[in-house]
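Below you'll find the structure, written out as structure tokens, and then a few comments.
Predicted model, so just to flag it, every value in this text is computed and none were measured.
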Amino acid sequence: MNDIRIRPGGLSDAPVILDMLDGAVAWMNARGNTEQWGTTPYSQKPGGVERVERYTTENVPYIAELDGKPVGALVLDSGPSPQMPIASAGEPERYVRLLVSDRRHAGRGIGAALLDHAAEETRRAGVTLLRVDCWAGGGGELVAFYERNGFTPTDRFLSDAWPGQVLARRVA
């Protein structure tokens, strides 16, 4: 995991983030998961490109690199997406709005490294709560991934028919 370098991201990273998202959709679909992110490549979804560009300009993006090549992305915000039916934490927080890794480098600890970076950035900001939401369908693998990375499930929600789970991690 020490060969992963994390740097601040920006608008110029939007195309590579879109490529990772498109790869994640294809990977999920190949495994029979069409419910989490659908079947349309992210870059072709209505508003998909604009959303990623907003992530890189209005939020706080980070890019994980291996050997100087982008292999993962994390976007932090001060709260959940206003489009999601998620209650306010009622205290200052940092919120993981996006976490994606290049599926060609799966199993290298990229997601875990980015989540550790999010915890460090949360701590550096003087905030003690880091939250994330994720798809809670399938066999719960994604929820289990966040649990392995120090998060505890809190609230479940439905966004239309999409089952979601909010998870929280306290940082000291």
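In terms of heavy-atom proximity, Q36 sits nearest to L142 at NE2-CD2, 3.4 Å. Residue V171 comes nearest to V127 through the heavy atom pair CG2-O, 3.4 Å, listed as atom of the first residue, atom of the second, then distance. Taking every heavy atom of both residues into account, R94 and A125 meet most closely at NH2-CB, 3.4 Å. Annotation for T40 and V25: closest pair O-CG1, 3.8 Å, computed over non-hydrogen atoms. Nearest heavy atom pair, residue G10 against residue P61, reads N-CG, 4.0 Å. Taking both residues in full, the closest heavy atoms of L130 and A119 are given as CD2-N, 3.8 Å, listed atom of the first, atom of the second, then distance.
Between I110 and H105, the closest side-chain pair of non-hydrogen atoms falls below 4.5 Å. Looking at heavy atoms from C-beta onward, D19 lies out of side-chain contact with D102 at the 4.5 angstrom threshold. Residues S159 and Q83 are not in side-chain contact: their nearest non-hydrogen atoms beyond the backbone lie 4.5 Å or more apart. Counting heavy atoms from C-beta outward, D155 and I86 have side chains that stay 4.5 Å or more apart. Annotation: side chain of R51 is not in contact with side chain of L21 (no heavy-atom distance under 4.5 Å). Contact of the V60 side chain with the E121 side chain is not registered, since no non-hydrogen atoms from C-beta on lie closer than 4.5 Å. At a threshold of 4.5 Å between non-hydrogen side-chain atoms, the residues L74 and L98 do not count as touching. Counting only heavy atoms from C-beta outward, the side chains of P153 and V143 approach each other to under 4.5 Å.
From R104, atom CZ reaches atom CE of M20 across 9.0 Å, with rounding to the nearest 0.5 Å. To the nearest 0.5 angstrom, D133 atom CG is 8.5 Å from L167 atom CG. Distance CG/D3 to CZ/R5: 12.5 Å, rounded to 0.5 Å. If you take CD1 on I63 and CD1 on I6, they are separated by 10.0 Å, rounding to the nearest 0.5 Å. Atom CG of D77 and atom CZ of R97 lie 4.5 Å apart (nearest 0.5 Å).
Within the 3.5 Å criterion, the main-chain N or O of G38 finds a donor-acceptor partner in the side chain of N29. Judged by distance alone, the side chain of R169 and the main-chain N or O of N149 form a donor-acceptor pair under 3.5 Å. Side-chain atoms of E141 come within 3.5 Å of backbone atoms of G139 as a donor-acceptor pair (strictly under, hydrogens ignored). In terms of modelled atom types and a separation under 3.5 Å, the side chain of R103 and the main chain of A24 share no donor-acceptor contact.
Both L99 and L66 belong to a common hydrophobic cluster when Ile, Leu, Val, Met, Phe, Trp and Tyr are linked at side-chain heavy-atom distances under 4.5 angstrom. Residue W162 is grouped with residue F145 when hydrophobic side chains (ILVMFWY) are merged at heavy-atom distances under 4.5 angstrom, including chains of intermediate members. Y55 is connected to V49 through a chain of hydrophobic side-chain contacts under 4.5 Å among Ile, Leu, Val, Met, Phe, Trp and Tyr, so both are in one cluster. Both I17 and W27 sit in one connected hydrophobic cluster of ILVMFWY residues. Membership requires side-chain heavy atoms under 4.5 Å apart, directly or through other members.
Remark: R170 engages E91 in a salt bridge (Lys or Arg N to Asp or Glu O under 4.0 Å) (not counting sequence neighbours). Residues that satisfy the side chain to side chain donor-acceptor pair (under 3.5 Å) test with Q165, not counting sequence neighbours, are absent from this structure. By the ring pair (Phe, Tyr, Trp, His ring centres under 6.0 Å) test, Y42 pairs with no residue at all, sequence neighbours left out. In this structure, the ring pair (Phe, Tyr, Trp, His ring centres under 6.0 Å) partners of Y146, at least two apart in sequence or on a different chain, are F151. In this structure, the side-chain contact (heavy atoms from CB on, under 4.5 Å) partners of T57, at least two apart in sequence or on a different chain, are L11.
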Full working for side-chain contact (heavy atoms from CB on, under 4.5 Å) between L76 and V96 = CA-CA 5 Å; L76 281 179; V96 176; 4.0 Å; yes
Report the C-alpha distance between D22 and S43 in whole Å, list the side-chain angles of each, state the deciding distance to 0.1 Å, and finish with yes or no for side-chain hydrogen bond (donor to acceptor under 3.5 Å, both in side chains).
-> CA-CA 7 Å; D22 285 351; S43 61; 2.6 Å; yes
Test salt bridge (charged side-chain N to carboxylate O under 4.0 Å, His left out) on R124 and E120 and set out the steps.
-> CA-CA 6 Å; R124 189 173 294 139; E120 184 53 40; 3.8 Å; yes
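K69 and D67 are not joined by a salt bridge, as no carboxylate oxygen comes within less than 4.0 angstrom of a charged side-chain nitrogen.
For the ring pair (Phe, Tyr, Trp, His ring centres under 6.0 Å) condition, the pairs that include at least one residue of residues 57-101, sequence neighbours left out, are Y62-H117.
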